[in-house]
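Step one of this worksheet: look at the structure below.
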Amino acid sequence: AQSVGASMHEMARSYRAVMQDETLKSLGKDLSSLHDAALKAQAGVPDFLRNKPADDPMRQTYRDGIDKLLKQIELAQSYVKMGQLNKAKEAAKKIAPIRNTYHRKLGI
Ligand code: HEM
């Protein structure tokens, strides 16, 4: 499995593309890449947690953040499926504050 850092870089690339998309087709494709990368991040353990105890509360914080991220991506995807480009783009914009909140909570 690849490192969480590598998955985060894939997420960054896909999210940049998502924010530039102006068609349902390209937005759907880039949200799908973002979702794939977020699932890879979910399957991994970030470097900073490797030496921490199994019950360290930061592990739950990490899981919560990835769950919120996946839910927000899925919300945007549901608008794409309904053909609602503006709603999908609005939902996608709300991914950035989730990123910022959890990077801050985790000291990234
Ligand atoms: C689309 C949203 C997000 C983007 C674009 C993003 C982007 C990034 C980038 C570019 C890095 C630096 C990677 C490196 O240099 O190694 C990073 C690191 C990290 N991010 Fe995110 N992030 C996002 C959301 C999140 C969320 C929601 C969480 C919390 C659950 C999170 C947790 C982390 C952690 C733990 C690291 C350090 C990884 C490591 O080195 O092990 N990120 N992120």
Side-chain angles (χ1 to χ4, degrees):
Q2 75 183 18
S3 70
V4 170
S7 302
M8 288 285 160
H9 282 297
E10 282 184 24
M11 284 160 49
R13 191 164 357 102
S14 302
Y15 189 47
R16 213 173 302 122
V18 160
M19 294 309 289
Q20 287 170 358
D21 285 323
E22 297 296 351
T23 69
L24 284 165
K25 193 176 172 199
S26 60
L27 186 55
K29 178 172 130 320
D30 292 323
L31 283 168
S32 167
S33 302
L34 179 57
H35 196 272
D36 286 351
L39 286 177
K40 286 192 225 166
Q42 185 178 49
V45 176
D47 284 341
F48 85 101
L49 282 177
R50 285 193 186 281
N51 305 317
K52 294 227 160 54
D55 61 351
D56 190 287
M58 284 298 193
R59 289 179 193 273
Q60 188 60 44
T61 305
Y62 180 69
R63 282 196 288 269
D64 290 346
I66 296 292
D67 281 353
K68 288 206 170 111
L69 174 67
L70 284 166
K71 292 227 164 69
Q72 194 63 33
I73 297 167
E74 287 160 13
L75 180 65
Q77 288 178 310
S78 71
Y79 285 122
V80 168
K81 282 213 183 87
M82 292 186 280
Q84 301 194 27
L85 180 63
N86 290 339
K87 285 277 201 185
K89 293 224 55 160
E90 265 174 50
K93 265 190 207 156
K94 294 187 184 146
I95 290 168
I98 297 171
R99 172 195 62 202
N100 296 344
T101 298
Y102 279 89
H103 279 186
R104 191 166 53 239
K105 277 183 202 266
L106 297 169
I108 306 300

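What's counted below: heavy atoms across the whole structure, side chains too, no hydrogens, waters or symmetry copies. All ligand and atom numbering here is 1-based and tracks the order in the structure.
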Q. Applying the 4.5 Å side-chain criterion to the ILVMFWY set and letting contacts propagate, would Leu34 and Tyr79 be lumped into a single cluster?
A. no
Among protein heavy atoms, which lies nearest [atom], and at what distance?
atom	answer
atom 20 (N) of ligand 1	His103 NE2, 2.9 Å
atom 1 (C) of ligand 1	Ile95 CG2, 3.6 Å
atom 26 (C) of ligand 1	Tyr102 CB, 4.2 Å
atom 41 (O) of ligand 1	Asp47 N, 2.8 Å
atom 16 (O) of ligand 1	Gly5 CA, 3.5 Å
atom 38 (C) of ligand 1	Val4 CG1, 3.9 Å
atom 4 (C) of ligand 1	Arg99 CD, 3.5 Å
atom 15 (O) of ligand 1	His9 NE2, 3.0 Å

Q.
On a heavy-atom basis, which atom in Pro53 and which in Arg59 lie closest, and how many Å separate them?
A. O-NE, 2.9 Å
Q) What heavy-atom pair brings Ala92 and Val18 nearest, and what distance separates the two atoms? A) CB-CG1, 3.7 Å
**Q.** Nearest-0.5 Å distance that lies between atom OG1 in Thr61 and atom CD1 in Ile66
**A.** 12.0 Å
Q. What's the spacing between Ile108 CD1 and Asn100 CG if we round to 0.5 Å?
A. 12.5 Å
Q: Would you confirm whether Ser32, through its side chain, and Gly28, through its main-chain N or O, come within 3.5 Å as a donor-acceptor pair?
A: no
Going by the atom numbers of ligand 1, which of them fall below 4.0 Å from some non-hydrogen atom of [X]?
X	result
Gly65	27 (C), 30 (C)
Phe48	35 (C)
Ala12	5 (C)
Ile66	30 (C)
Pro46	35 (C), 41 (O)

Q: Please confirm if an N, O or S atom belonging to Met8, backbone or side chain, lies less than 2.8 Å from atom 21 (Fe) of ligand 1.
A: yes
Q | Check against side-chain hydrogen bond (donor to acceptor under 3.5 Å, both in side chains), Ser33 and Glu10 | A | CA-CA 8 Å; Ser33 302; Glu10 282 184 24; over 6 Å; no
Q. Does the N or O separation between Tyr15 and ligand 1 drop below 3.5 Å for any pair?
A. no
Q) Would you say Tyr62 has any N or O atom under 3.5 Å from an N or O of ligand 1, going by distance alone? A) no
Q) Looking only at heavy atoms, is any part of Leu106 under 4.0 Å from ligand 1, and if so is it the side chain, the backbone, or both, or is it neither? A) side chain
